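To keep things clear, I will list the structure first and then write my remarks on it.
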Amino acid sequence: MRSGLAGAWKPGTAKPVPQAVAVEDLNDETSFTIHASVQKQRHQLSVYKQRDNLLYLVENHGTTIVVAETGSGKTTQIPQLLVEAGWAEGGRTIACTQPRQIAAQTIAARVAEEMRVTLGTKVGYSVRFDEVATRGVTQIKYMTDGVLLREMMSDPLLSSYSVIMVDEAHERSIATDILLGLLKKIIKRRPDLRIVVASATMDIKAFHDFFDTSREKLQNSIHRESVPNRSPAVLSVEGRTHSVLIHYCDKPVQDYVRTAVSTTIAIHKIEGPGDILVFLTGQDDVNAAVQMISEEAEKLPRALVALPLYAGLPASDQELVMRPSLSGRRKVVLATNIAETSVTLPGIVYVIDSGFSKQKFYNPITNVEALVAAPISQASADQRAGRAGRERPGKCFRLYTEDAHAAMRPERLPEIQKGNLLSTILQLKALGIDNVMQFDWLAPPPAELMVRALELLFALGVMDGHAKLTSPLGHQVSELPLDPMSAKMLLTAAQTGCQKEGLTIAAVLTVQTIWASGRERKEMDEARAQFAVAEGDMISYLNVFEGYLHVKNRNQWCYENCVNYHALAKVAKVRSQLSTLLQQLGGPRQQQHDGDVKLVAKAVTAGFFPNAARLEAEGGNTYRSLRGNQELFIHPSSVLFRASPKWVVFQSIIFLERHYMWNVTAINPAWLTELAPHFYQLKG
DNA sequence: TTGTGGTGT
């Protein structure tokens with residue numbers, strides 16, 4: 001480095017391109033060993049085809065389980081090669097799962113173009129609300145991991161598929177983790193099923209060992225004949241990334257937002273052309289940094305344009321960062337984690353990595369979910385650095401010391417170990433996994449998270465004393481794409497003649513908030529007050545949705561009423577899907593009690609009774625949770641903030657300076673003992 | 001007395 005940055009930064013080290021097998025080392029029918037540390041035996045593999053400097057291998061006997069560490073192109077090409085190998089014949093389909101909808105859709109479109117076929121014929125995709133595929137015709141189907149998981153509920157052996165390729169396995173989404181566990185289970189009954197696990201992580205041992213059942217075979221002589229040898233083949237394919245020079249700070253950084261700003265300015269002054277990507281933790285950090293850089297940039301001779309990027313940003317603002325910068329101008333994008341995997345920006349040559357991201361932590365004892373800025377993993381740090389080397393060699397400035405980097409956990413924590421497991425456990429039950437504690441997890445969630453989930457499912461009445469789904473409630477709840485408390489609320493509402501209201505509330509609770517962001521607080525309070533009713537937030541949403549439905553220009557109406565148009569559009573979509581599912585579950589039900597909000601509030605209580613709280617003293621604003629006796633407050637944005645009703649139920653708790661209840665409904669305490677006598681008893 | 005890292009059915 002030249003002067004300016006040199007003082008603060010340790011000399012950089014060039015990050016090597018990931019270890020890969022050189023293409024020229026391999027010939028047809030060559031027997032070879034890759035990743036010697038992982039492989040205990042050699043695999044007979046045949047080179048199937050070579051294209052674009054990428055290599056694809058297919059094991060030439062038995063079931064193929066390829067754990068592939070691959071570069072760009074594998075997602076589009078491996079499935080095509082499998083089709084050419086004849087694995088999609090006889091009406092069978094090759095499935096390729098992705099953790100994100102947008103990836104499934106765009107990759108499918110690209111492959112259809114490469115194969116010169118119409119999307120939806122030989123190549124298709126399936127994501128929620130949008131399936132473009134033809135049964136019996138589609139040979140390659142790109143789909144979200146969640147869609148395949150849902151399909152397993154009606155077809156547990158995935159009988160229409162010949163190959164399942166689980167892509168981006170290193171991201172460890174909840175659906176992918178469950179899928180891998182279930183696949184390992186079903187290959188015992190489907191010896192013809194091929195599985196390809198594609199992961200970008202350097203540490204592929206976890207996936208390899210997970211599918212390596214050769215040891216189990218020795219241990220279990222009863223199954224010796226029926227279980228084929230399944231030591232997975234490991235395939236490593238070179239990714240086409242450029243080297244990225246990595247710099248560390250020589251001492252810990254006090255304020256990573258300020259340091260990110262000063263480093264940006266220094267890069268702009270000293271370094272050659274190329275845009276800058278800065279990883280920060282949240283909206284506040286991003287907006288503060290944008291402001292600071294914009295002020296600094298005014299004093300500089302060469303133009304530097306600062307742009308924010310986070311998921312909550314309106315779509316039009318997100319498009320701004322995708323545009324190439326004008327000549328002579330340098331662009332700096334201040335982003336959250338969204339730029340790590342979900343959004344790929346063109347033109348980035350410099351990356352500044354704060355070393356932090358916001359992560360969700362759930363405390364099963366207090367039932368509190370908190371979002372806190374925490375150090376990232378080494379894998380995430382690599383991923384962030386790699387964003388600088390997509391088009392040409394780049395540089396990455398880490399706002400932490402080399403020692404701090406060494407202290408980071410190597411891999412990111414799987415999502416399944418962090419969150420509330422209610423839906424996950426229920427889904428496994430519905431898939432016939434009776435003993436979830438003994439499920440073959442790729443990484444088991446903490447036992448206390450599982451126990452807590454099982455207790456709550458029992459309390460809700462969806463699971464019986466033998467840990468089996470109840471009938472019909474347990475099965476119905478598992479069929480609905482909702483968290484179990486919302487699902488029970490909806491089913492109760494449908495039973496008691498207020499299905500319409502139940503559908504709206506359940507749909508609204510699937511979005512983070514229906515309110516617009518970035519407005520003045522006073523304006524927001526006034527807008528909310530127009531829809532507010534004494535029963536609370538959830539019932540007030542009914543008024544918002546009614547208003548939205550009955551105007552011509554919804555976009556304008558949303559703007560005028562401080563409502564998020566995109567959120568309500570999604571609510572409408574989810575609501576109609578739920579309505580269809582409800583009909584399939586129990587036939588059409590009569591809407592008997594139009595507008596009886598007491599009945600609706602009672603249905604809300606039937607679902608959310610485990611989250612009940614009581615006002616501590618008349619005239620005060622402190623609540624205590626009935627379960628856990630925790631001090632709680634109504635969130636100031638709630639329509640009940642000033643009303644302080646004596647008894648409430650809530651959707652969730654947010655931890656800020658205090659513990660706040662979110663989405664609050666006022667209830668009659670008699671409902672608690674009536675609806676959940678096993679959970680609440682009257683005192684004295 | 002005022003929030004939202006990122007996904008998904």
Side-chain angles (χ1 to χ4, degrees), chain A residues 97-104 126-131 143-153 168 171-179 279-287 309-313 335-343 354 356-361 369-374 376 380 383 412-416 418-419 423-424 426-427 430 478-483 486-487 510-522 524-525 528 564 567 570 573-574 577-578 581 621-622 633-638 641-642 644 652-658 660-663:
Chain A
T97 71
Q98 297 290 326
R100 278 174 289 281
Q101 294 189 336
I102 187 82
S126 181
V127 301
R128 189 181 191 184
F129 304 128
D130 188 15
E131 177 164 15
M143 56 211 302
T144 41
D145 45 14
V147 165
L148 190 63
L149 209 50
R150 277 279 155 192
E151 282 189 11
M152 287 185 88
M153 285 174 69
E168 310 285 8
E171 287 192 26
R172 307 298 301 273
S173 71
I174 290 178
T176 288
D177 265 32
I178 298 173
L179 209 49
F279 285 99
L280 297 171
T281 60
Q283 288 185 25
D284 288 349
D285 282 1
V286 165
N287 289 329
L309 177 64
Y310 44 82
L313 213 59
T336 61
N337 246 3
I338 192 171
E340 200 175 298
T341 50
S342 305
V343 174
S354 66
F356 285 88
S357 71
K358 281 199 181 172
Q359 292 163 46
K360 201 182 266 175
F361 292 95
E369 216 166 46
L371 199 60
V372 291
I376 59 172
S380 280
Q383 179 98 26
R412 62 192 94 194
L413 206 58
E415 289 294 324
I416 201 151
K418 290 194 285 194
S423 297
T424 304
L426 190 69
Q427 209 168 2
S478 74
E479 292 285 334
L480 294 166
L482 295 171
D483 79 84
S486 295
T510 65
V511 299
Q512 279 188 340
T513 176
I514 59 163
W515 303 111
S517 63
R519 303 290 188 85
E520 291 296 320
R521 192 165 288 167
K522 190 163 168 260
M524 286 298 325
D525 286 344
R528 271 193 292 260
N564 181 330
K570 189 190 165 191
K573 254 175 149 179
V574 171
Q577 186 191 36
L578 292 174
L581 284 169
N621 62 354
T622 312
F633 296 87
I634 293 182
H635 192 277
S637 71
S638 169
F641 177 57
R642 277 171 219 288
S644 298
S652 58
I653 298 172
I654 300 171
F655 179 63
L656 304 166
E657 299 283 305
R658 295 166 153 187
Y660 287 110
M661 297 179 274
W662 185 253
N663 282 335

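Within every chain, numbering begins at 1; the chains are lettered A, B, ... in the order of the sequence lines, protein sequences first and strands thereafter. None of the values given here were measured: they were computed from a predicted structure.
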Practice item. Decide, yes or no, whether a salt bridge links R528(A) with D525(A) under the criterion of side-chain N to carboxylate O below 4.0 Å. Key: yes
Practice item. From the options dG6(B), dG8(B), dT4(B), select the nucleotide whose nearest atom is closest to the side chain of R100(A). Key: dG8(B)
Study note, to complete from the structure: Of the candidates dT2(B), dG5(B), dT9(B), the side chain of E415(A) sits closest to dG5(B)
Point to revise | Whole angstrom value for the distance that separates P of dT9(B) from CD of E151(A) | key: 12 Å
Practice item. Could I get the full list of side-chain contact (heavy atoms from CB on, under 4.5 Å) partners for A430(A), not counting sequence neighbours? Key: M153(A), L469(A), S478(A)
Practice item. Mind calculating the distance between CG (N337(A)) and P (dT4(B)) to the nearest angstrom? Key: 15 Å
**Study point:** Residue whose nearest DNA chain B nucleotide is more 5′ - N621(A) or T281(A)
**Key:** N621(A)
Review point. Roughly, in whole Å, what's the span from NZ in K358(A) to C1' in dT4(B)?
Key: 7 Å
Practice item. Describe the nucleic acid contact of A311(A) in one word from base, sugar-phosphate, nothing, applying a heavy-atom distance below 4.0 Å. Key: sugar-phosphate
Point to revise | R521(A) side chain, from C-beta outward: closest of dT4(B), dT2(B), dT7(B) | key: dT2(B)
Review point. Whole Å only: how far is the CZ atom of F129(A) from the C1' atom of dG8(B)?
Key: 11 Å
Study note, to complete from the structure: Out of dG5(B), dG6(B), dT9(B), minimum distance to the side chain of S342(A) belongs to dG6(B)
Practice item. Just compare dG6(B), dT1(B), dT2(B) and give me whichever is closest to any side-chain atom of H635(A). Key: dT2(B)
Practice item. From the options dT1(B), dT9(B), dT4(B), select the nucleotide whose nearest atom is closest to the side chain of Y660(A). Key: dT1(B)
Point to revise | Residues S637(A), M524(A); criterion side chain to side chain contact (heavy atoms under 4.5 Å, CB included); working and verdict | key: CA-CA 9 Å; S637(A) 71; M524(A) 286 298 325; over 6 Å; no
Check your understanding: Rounding to a whole Å, what distance do you find between I654(A):CD1 and dT2(B):C1'?
Key -> 9 Å
Exercise for review: Would you mind telling me which of dT4(B), dT9(B), dT1(B) lies closest to the side-chain atoms of T513(A)?
Suggested key: dT4(B)
Point to revise | Closest-nucleotide 5' rank along DNA chain B - winner of G282(A) and P481(A) | key: G282(A)
Review point. Any side-chain N or O of Q101(A) under 4.0 Å from OP1/OP2 of dT9(B)?
Key: yes
Review point. Who passes side-chain contact (heavy atoms from CB on, under 4.5 Å) against I653(A), sequence neighbours left out?
Key: V368(A), Q630(A), L632(A), F650(A), H659(A)
Exercise for review: Figure out the CD/C1' separation between Q283(A) and dG6(B), and round it to whole Å.
Suggested key: 13 Å
Exercise for review: Indicate yes or no: at least one non-hydrogen side-chain atom of Q427(A) is less than 4.5 angstrom from one of R150(A).
Suggested key: yes
Exercise for review: Starting from P on dG6(B), measure out to CD1 on I376(A) and report it in whole angstrom.
Suggested key: 15 Å
Review point. Strictly by modelled atom types, are S380(A) and E340(A) linked by a side-chain donor-acceptor pair under 3.5 Å?
Key: yes
Review point. What's the CZ-C1' distance between R150(A) and dG8(B), to the nearest Å?
Key: 10 Å
Review point. Out of dG6(B), dT9(B), dT2(B), which nucleotide sits closest to the side chain of T144(A)?
Key: dT9(B)
Exercise for review: Return the nearest nucleotide to the side chain of R642(A); candidates are dG8(B), dT2(B), dT1(B).
Suggested key: dT1(B)
Review point. Can you check whether S357(A) has a side-chain N or O nearer than 4.0 Å to OP1 or OP2 of dG6(B)?
Key: no
